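One structure is given here, and the rest of the page talks about it.
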Amino acid sequence: MKIATWNVNGIRKREPEVLAWIEKERPDVLCLQEIKAKPEQVPAALCELGGYWCYWHGASGYSGVSLQVSKELCPTPPVFSHPEFDHETRVVEATFDDLVIASIYVPNGGKDFAAKMRFLEAMAAYVAAQRATGRSLVLCGDMNVARSDQDVHPKERKAGVIGQRPDERALFERILGHGMVDVARTLQPDDAEMFTWWAPWRSMRQRNIGWRIDYVLASEGYATRAVSCPAFREVGTSDHAPLLATFT
């Protein structure tokens, strides 16, 4: 199974890029974040994407997430839903068979850091509850936290800056502590140039001076099936790169 995640920073602006990447990679599940569109504003070619069950969850030109699930993988429609802590259209989950996959967009925290921390705390409780059901769980998306200094280019490391704060990182580790695995880091433990977001100035992306804040997190049993999880720095014009996790 191929599970992809991508903060597109505006689906209407990125439509051609997203369609081209889907055609090339054919993920079984695609999680998008920061779509910045109501469902009726999503381009028809994406809203009616051939071969996929599509769910768009947005309310304005801000935030918003989506999930696309291949009909080959899931012949009948999955159950799409939202956990109680979903505010500002930031979470959608799909349940089929014994698997739950969620597309998540954690608040940046720049305007309301306390709200970000509440969201992360709620995520930790959500993961604990999901794991208690015995189903496999995969969380995909822009978590807006760099797990450690390794996940930030040395030129971008700033003690106490939002996204690198110890309290944020502690909450992220609490989420992982409920039996979740950071797939990309587990597969590439020593890669200090594995970034997913770059500030949109001074050719930061071209120079690969970035942060790793986008993740595929999988429950322990499911994570053992992961064989790759690259970020595609060369793809698209969003300030984030897509990730594609492949599970056997």
Side-chain angles (χ1 to χ4, degrees), residues 1-59 63-83 86 89-105 135-142 183-184 196 214-219 222-223 225-238 240-248:
M1 185 190 300
K2 297 166 72 173
I3 301 177
T5 183
W6 192 357
N7 177 322
V8 292
N9 192 14
I11 191 60
R12 287 169 284 183
K13 186 180 295 185
R14 317 293 175 203
E15 175 192 2
E17 301 170 8
V18 174
L19 286 171
W21 196 69
I22 292 172
E23 181 63 27
K24 180 179 179 181
E25 300 295 341
R26 299 305 300 179
D28 297 293
V29 179
L30 175 63
C31 301
L32 302 178
Q33 300 87 42
E34 206 172 356
I35 62 172
K36 296 182 177 179
K38 300 176 183 178
E40 60 268 24
Q41 295 174 315
V42 175
L46 284 165
C47 198
E48 302 165 3
L49 191 61
Y52 289 87
W53 305 110
C54 299
Y55 191 98
W56 297 90
H57 183 46
S63 189
V65 292
S66 75
L67 257 173
Q68 289 74 33
V69 180
S70 167
K71 293 180 179 179
E72 290 186 9
L73 173 70
C74 186
T76 58
V79 177
F80 293 106
S81 58
H82 312 283
D86 175 37
T89 60
R90 291 184 177 274
V91 187
V92 59
E93 62 182 22
T95 302
F96 51 95
D97 299 327
D98 61 348
L99 177 64
V100 178
I101 299 177
S103 179
I104 297 176
Y105 179 37
R135 290 191 291 258
S136 296
L137 177 64
V138 179
L139 308 179
C140 300
D142 177 2
V183 173
T196 65
D214 302 85
Y215 300 86
V216 175
L217 309 179
S219 51
Y222 203 79
R225 299 165 52 184
V227 295
S228 65
C229 189
F232 292 74
R233 179 163 61 103
E234 74 284 359
V235 171
T237 57
S238 170
H240 295 253
L243 281 73
L244 182 63
T246 300
F247 299 84
T248 59

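Computed from a prediction, not measured in an experiment: that's the story for all the values here.
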**Study point:** Step-by-step side chain to side chain contact (heavy atoms under 4.5 Å, CB included) determination, Val216 to Val138
**Key:** CA-CA 7 Å; Val216 175; Val138 179; 3.9 Å; yes
Exercise for review: List the steps, then state whether ring pair (Phe, Tyr, Trp, His ring centres under 6.0 Å) holds for Phe232 with Trp21.
Suggested key: CA-CA 10 Å; Phe232 292 74; Trp21 196 69; 5.5 Å; yes
**Study point:** side chain to side chain contact (heavy atoms under 4.5 Å, CB included) between Val65 and Cys31, worked out
**Key:** CA-CA 7 Å; Val65 292; Cys31 301; over 6 Å; no
Point to revise | side chain to side chain contact (heavy atoms under 4.5 Å, CB included) assessment of Leu99 paired with Met1 | key: CA-CA 12 Å; Leu99 177 64; Met1 185 190 300; 4.0 Å; yes
Practice item. Please lay out, stage by stage, how Lys36 and Ile11 fare under the test side chain to side chain contact (heavy atoms under 4.5 Å, CB included). Key: CA-CA 7 Å; Lys36 296 182 177 179; Ile11 191 60; over 6 Å; no
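Of the inter-residue distances, the one linking Tyr52 atom OH with Lys71 atom NZ reads 11.5 Å to the nearest 0.5 angstrom. Here the CD-CG distance, from Glu34 to Asp142, works out to 7.0 Å after rounding to the nearest 0.5 Å. Between Ser103 atom OG and Leu139 atom CG the span is 10.0 Å, to the nearest 0.5 Å. Here the straight-line distance linking atom NZ of Lys24 with atom CG of Leu244 works out to 11.0 Å at 0.5 Å rounding. Rounded to the nearest 0.5 angstrom, Leu49 CG and Cys54 SG are separated by 4.5 Å. To the nearest 0.5 angstrom, Leu32 atom CG is 5.0 Å from Trp56 atom CH2.
In this structure, Ser238 contributes its side chain and Asn7 its backbone to a donor-acceptor pair below 3.5 Å. Under a 3.5 Å cut-off, the side chain of Asp86 and the backbone N or O of Val91 do form a donor-acceptor pair. Ser219 places a side-chain N or O within 3.5 Å of a backbone atom of Leu137 that can act as its donor or acceptor partner. Although no hydrogens or angles enter the test, the distance criterion places no donor-acceptor pair under 3.5 Å between the side chain of Ser136 and the main chain of Tyr222. Thr5 places a side-chain N or O within donor-acceptor distance of the main-chain N or O of Gly141, the cut-off being under 3.5 Å. When atom types are taken as modelled, the side chain of Glu17 and the backbone of Arg14 share no donor-acceptor pair closer than 3.5 angstrom.
The minimum heavy-atom distance between Ser63 and Tyr105, with the atom names listed, is OG-CD2, 3.6 Å. The two residues Trp6 and Gly236 make their nearest non-hydrogen contact at CZ2-CA, 4.2 Å. Scanning all heavy atoms of the two residues, the minimum distance from Cys47 to Pro39 falls at SG-O, 4.2 Å. When every heavy atom of Pro78 is checked against every heavy atom of Phe96, the shortest pair comes out as CB-CD2, 3.9 Å. The two residues Asp97 and Arg135 have their closest heavy-atom pair at O-CD, 4.5 Å. Between Arg26 and Gly50 the shortest heavy-atom distance is NH2-O, 4.1 Å.
Atom NZ of Lys2 sits in a crowded spot, with more than 12 heavy atoms from other residues, nucleotides or ligands closer than 6.0 Å. Within 6.0 Å of CD in Glu40 there are more than 12 heavy atoms belonging to other residues, nucleotides or ligands.
Aromatic rings from His82 and Tyr55 are positioned such that their centres are separated by under 6.0 Å.
When side chains are defined from C-beta on, Leu243 counts as touching Cys229, because their heavy atoms get closer than 4.5 Å.
No hydrogens or angles considered: nothing links the side chains of Glu93 and Thr95 as a donor-acceptor pair under 3.5 Å.
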